[in-house]
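Report on the following structure.
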Protein chains: 2
Amino acid sequence: MIKSNDQSGKEAQILAAARKVFQRRGTSGARMADIAEQAGVNQALLHYYFRSKARLADAVFLSAARELFPPVLETLLSDAPLPDKVQRVVELELDTLQRHPYLPGYVISELNQHPERVAQFARAMTGQEISSFGPRVLRRIGEQIDEAVAAGDMRSITADQFVINLISLCIFPFAARPMIAALTQVDDEGWTAMIERRKQELPAFFLGGLKP
Amino acid sequence: MIKSNDQSGKEAQILAAARKVFQRRGTSGARMADIAEQAGVNQALLHYYFRSKARLADAVFLSAARELFPPVLETLLSDAPLPDKVQRVVELELDTLQRHPYLPGYVISELNQHPERVAQFARAMTGQEISSFGPRVLRRIGEQIDEAVAAGDMRSITADQFVINLISLCIFPFAARPMIAALTQVDDEGWTAMIERRKQELPAFFLGGLKP
DNA sequence: GTCTATATGTTGATAGAC
DNA sequence: GTCTATCAACATATAGAC
């Protein structure tokens, strides 16, 4: 009965509020006062639960990083044929990002501005060290590429360029949404429509780029 | 003889230092003291020349935004055939970003975290309003796509998806460099090599994705 | 124009009542 | 566990000498 009075879920409220504020303002731009207000609690309570801004920021970053990549990496590691994987990754990622539009920009900012985040990111990819996971994915994709190339179904491409191209096409539009929206002059509805079209067209575009 | 004593170029020194610090730390993360130190001048001098941190940050952002996009947009607007444009944009952008690796992450951060930047960005695209420039580029590309489709050289694709795909493939790897480097476990040399390969392979990949 | 010294304002964090 | 009040540290900005 240690945290008896926390059925109200203050801790969860705080974390949710922190997610919102950190993702919009970045770690340095976020204010503890704003988080407290957003959570509807007193600022002192943030420190009671999370001790410091840095720790709270760590918690938020970790959960964000875990949301962004592991599902994709697991899909890429599965036994499905390559074209199916592409199809699934596009759907999975675009769906996730439509629900969490600020995630990519936030993760990119953090990773660029706070070097220590890189190691945290690596650990967040899975329980294990990235040293095993990243390369394992790339090896698996590489094998499948080799098969497809041997069968005459695909031009040769390195596994890392394959993966980089795929996630670039999925994630960048969300990270750069303000730019793109300005350039193409679309409002929120137009944006949603554009993303929906993208879900359908992207797999064909991506796989077409690899035809022999 | 108003700024007689500025042949030493203190103002330029400050701006250069500010660029460096803002691009690495973001607007909120950057410290005026760090900029002063980096520039080798006193902190009061920053205010003498730029009045406030906000104005200095504006100057830096503007120059960064101007470096990132206008050359690409002008290339896309030119009279060259579509495949040539793709080739040129890839070279141009990858070269620029190799020289300024932090640019994409910085611009993305700013645009996501500071809403007022969006309007500044729009103006920075060219002397004119983006309201004329962005759509003009898209219209021109759209025409060329239509021609290629009519000639049976290309699958149909909207002009905005065309441009989004192209800049995604060029810019994202730099914005997400820490992620990608962690995933693929490449060091600085490996990174450079990967980008060089990319310059050669990307145009074919991109155009291949549009074959009928 | 450029510096030192200092004022002013924020912000993260703690003490202590309830 | 949760709050109010307050502290200590830092960051931006200004005053004023040179």
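Everything numeric here is computed off the predicted structure, so don't read it as measured data. First the proteins, then the strands, lettered A, B, ... as listed; each starts at 1.
A 4.5 Å side-chain heavy-atom check between B/I164 and A/R198 finds at least one atom pair inside the cut-off. Under the 4.5 Å side-chain criterion, counting only non-hydrogen atoms from C-beta, B/L111 is in contact with B/F61.
One atom, NZ of B/K10, and another, P of C/dT2, lie 6 Å apart when rounded to the nearest Å. Across the protein-nucleic acid pair, B/E37 atom CD and C/dC3 atom P stand 14 Å apart, rounded to whole Å. The nearest whole Å value for the distance from the CD1 atom in A/I35 to the P atom in C/dT10 is 19 Å. In this structure, CZ of A/F50 is placed 16 Å from C1' of C/dG12, rounded to the nearest angstrom. Regarding B/L45, its CG atom lies at a distance of 6 Å from the P atom of C/dC3, rounded to whole Å. Between B/L46 atom CG and C/dG1 atom P the separation is 15 Å, expressed in whole Å.
The shortest non-hydrogen separation linking B/A57 to B/R117 is CB-NH2, 3.6 Å.
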At under 4.0 Å between heavy atoms, how does the protein contact nucleotides 4-18 of chain D? Give one character per nucleotide, 5' to 3', with B, S or -.
B------SBBB----
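More than 12 heavy atoms of other residues, nucleotides or ligands sit less than 6.0 Å from atom CZ of A/R197.
Under the salt bridge (Lys or Arg N to Asp or Glu O under 4.0 Å) criterion, B/E196 pairs with B/K199, not counting sequence neighbours. With sequence neighbours excluded, the residues forming a side chain to side chain contact (heavy atoms under 4.5 Å, CB included) with A/A18 are A/F22, A/I35, A/L56, A/V60, listed by chain and number.
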Without placing hydrogens or testing angles, list every side-chain donor-acceptor pair under 3.5 Å for residues 68-78 of chain B, not counting sequence neighbours.
from: B/T75; atom 1: OG1; to: B/P71; atom 2: O; distance (Å): 2.8
from: B/S78; atom 1: OG; to: B/T75; atom 2: O; distance (Å): 2.9
from: B/S78; atom 1: OG; to: B/A80; atom 2: N; distance (Å): 3.4

Please convert DNA chain D into dot-bracket. A pair counts if it is Watson-Crick or G-U wobble with both distances under 3.5 Å; crossing pairs go in [ ] and bases paired with another strand get |.
||||||||||||||||||
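Under the side chain to side chain donor-acceptor pair (under 3.5 Å) criterion, the residue pairs touching residues 99-108 of chain B are B/R24-B/Y102, with sequence neighbours excluded.
Regarding contacts with the backbone of D/dT2, every side-chain N or O of A/Y48 stays at 4.0 angstrom or more from both OP1 and OP2.
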